[in-house]
2 protein chains.
Amino acid sequence: MLDRQVEAPPSLAMSGVLTQLSGYLAAAALPEDGRLPPERELAELLGVKRTELRRSLAVLEREGQLWRQVGKGTFVGPRPPQLLDIADLAERSNPLQVMRARIGLEPELARLAAINATAMEIATLAELNAACRAAATWREYEAYDARFHHQIAEAAHNPILLALLETLNAVRRAVTWGRPRPSHLRPPADHHSFADHERIVDAIAHREAAAAADGMRRHLQNVEDRLIGRQP
Amino acid sequence: MLDRQVEAPPSLAMSGVLTQLSGYLAAAALPEDGRLPPERELAELLGVKRTELRRSLAVLEREGQLWRQVGKGTFVGPRPPQLLDIADLAERSNPLQVMRARIGLEPELARLAAINATAMEIATLAELNAACRAAATWREYEAYDARFHHQIAEAAHNPILLALLETLNAVRRAVTWGRPRPSHLRPPADHHSFADHERIVDAIAHREAAAAADGMRRHLQNVEDRLIGRQP
DNA sequence: ACTGCAACCATTCGAGAATTGGTTGCGCCA
DNA sequence: TGGCGCAACCAATTCTCGAATGGTTGCAGT
């Protein structure tokens with residue numbers, strides 16, 4: 001992170017402008033978002049040239065009292081966290097980190113599903129697991145598997161967690177996944193996920209929250225182990 | 001959910017158009033996103049009037065074979081999940097659900113922080129906890145508390161979970177929170193969070209992943225209990 | 001009274017202009 | 001000749017307006 005010094009460093013002579021600017025910030029009625037007038041206007045308002053004003057703004061920015069962005073403007077206060085550029089997020093992540101995120105989220109979803117799921121949602125879950133078993137190809141299996149996990153998230157009846165999982169899935173689809181499975185083969189009949197899913201559905205159906213969460217945690221841990229190659 | 005019947009119900013006489021449309025869907029080369037020509041074009045292509053075509057489209061939409069949106073177009077396949085309208089999400093959520101989401105996310109973050117945190121990050125955590133203790137008002141306390149939790153998320157070194165937590169926090173800021181605390185008072189010296197935070201920092205500093213996750217879980221559980229009013 | 005049709009409506013997208021913070025190069029003054 | 005300010009220019013963002021598109025309504029014809 002080399003801090004390219006493109007503008008002249010602040011000199012001592014400009015402190016007058018800085019205090020003038022601080023005075024303006026204290027006096028002026030800023031809009032809700034803390035945006036202050038564009039540099040060209042503000043310079044004229046304060047009776048200074050733009051270059052001079054920019055030096056003071058640079059100081060305040062380094063102090064963290066305001067932040068600026070090209071095309072947007074200058075704002076007082078801390079820079080708001082940028083949320084969710086999925087493409088960028090996918091680039092900076094790897095499949096293992098995605099699994100960690102799933103392990104963080106989905107057990108809690110299973111727990112809530114055990115508490116809140118309706119009878120119809122539980123029935124759908126059982127059907128989806130059966131469909132996983134009957135899948136003729138890996139691709140088809142994965143489609144049903146995705147719907148299985150999504151159904152649990154819906155059954156949790158927590159819109160926030162549901163939205164977070166959907167975001168996570170969007171990232172998941174975007175990260176370059178390790179080895180694609182051969183598309184012509186079908187999952188083996190003793191694939192661990194079948195039993196895993198079974199346990200989870202049972203726990204939810206019997207309203208055993210802790211068991212549902214634990215089942216989901218173990219299931220995802222199994223998936224992660226395969227992903228790492230611990231049991232390929 | 002009353003299904004306002006704005007258009008005429010499908011009659012039996014239109015099955016001809018429906019099969020014609022199905023034939024087109026099978027034969028035509030659709031673009032990657034499954035979008036098919038606008039209704040006006042498609043009607044002319046099939047030699048049908050728009051009204052008639054729309055009746056068939058309505059049938060297929062009800063069957064889930066395609067979805068339509070004003071200004072966008074008509075697409076084959078299931079409707080993609082809309083992700084993350086934070087304002088809308090905040091409306092459909094309540095503080096309790098936010099807490100549930102935090103309980104799902106943050107213990108895992110604490111666990112990963114215990115594994116991945118750098119010495120500097122751990123030191124910052126300790127400083128933030130001290131700042132919480134020294135806060136002169138509830139408002140100041142909450143600012144440091146937020147930074148404390150954010151710092152743990154950063155120390156986890158998992159960009160996905162970090163982004164999810166930031167999203168969650170955006171929702172948290174947007175939901176109408178219960179009773180605001182009196183802004184002139186300061187948190188009592190024996191506020192449970194101080195000890196909670198202490199335990200979490202210790203666990204992370206000693207690289208005890210399970211203890212860190214458990215500490216965070218208990219901490220948030222305490223917060224939720226206060227929120228409900230179980231121990232006000 | 002029912003049906004079909006064309007005009008109209010609300011929403012979305014896209015191209016291009018306008019805005020705004022960031023940078024460069026020319027010229028003025030010492 | 002060197003340092004400094006100024007205006008023009010650059011790139012990122014937002015604004016604006018028109019076209020496109022699915023949804024609705026009112027009118028005419030039978």
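Residue numbers start from 1 in every chain, and the chains themselves are labelled A, B, ... in the order their sequence lines are given, proteins ahead of strands.
- Residue B:Gln69 places none of its side-chain N or O atoms closer than 4.0 Å to OP1 or OP2 of D:dT21.
- For A:Pro38, the listed nucleotide lying nearest its side chain is C:dG21; candidates were C:dG21, C:dA6, D:dG23.
- The interatomic distance linking A:Arg55 (CZ) with D:dG3 (P) rounds to 15 Å, in whole Å.
- The number of heavy atoms from other shown groups lying within 6.0 Å of OH (A:Tyr144) does not exceed 12.
- Look at CZ on B:Arg54: it is 17 Å from P on C:dT3, rounded to the nearest Å.
- The distance between atom CZ of B:Phe75 and atom C1' of D:dT21, rounded to the nearest whole Å, is 10 Å.
- We find that CZ of B:Arg40 is positioned 7 Å from C1' of D:dG22, with the value rounded to whole Å.
- With 3.5 Å as the limit, one finds a donor-acceptor pair spanning the side chains of A:Glu166 and A:His150.
- In this structure, NZ of A:Lys72 is placed 8 Å from C1' of D:dT13, rounded to the nearest angstrom.
- Between B:Arg111 and B:Glu108 there is a salt bridge, since at least one side-chain N of the basic residue sits less than 4.0 Å from a carboxylate O of the acidic one.
- OP1 and OP2 of D:dG22 both lie 4.0 Å or more from every side-chain N or O belonging to B:Arg50.
- Taking CG of A:Leu162 as the reference point, atom OG1 of A:Thr167 lies at 9.0 Å (rounded to 0.5 Å).
- Look at CZ on B:Arg68: it is 17 Å from P on C:dT11, rounded to the nearest Å.
- Note: CD (A:Glu39) to P (D:dG5) measures 16 Å, nearest angstrom.
- Each of B:Gly71 and B:Lys49 was matched to the nucleotide of DNA chain C holding its nearest heavy atom; the match closer to the 5' end belongs to B:Lys49.
- Checking the phosphate oxygens (OP1, OP2) of C:dG4, no side-chain nitrogen or oxygen of B:Thr51 falls inside 4.0 Å.
- If you measure from atom CG of B:Leu57 to atom P of D:dT24, you get 14 Å, rounded to the nearest angstrom.
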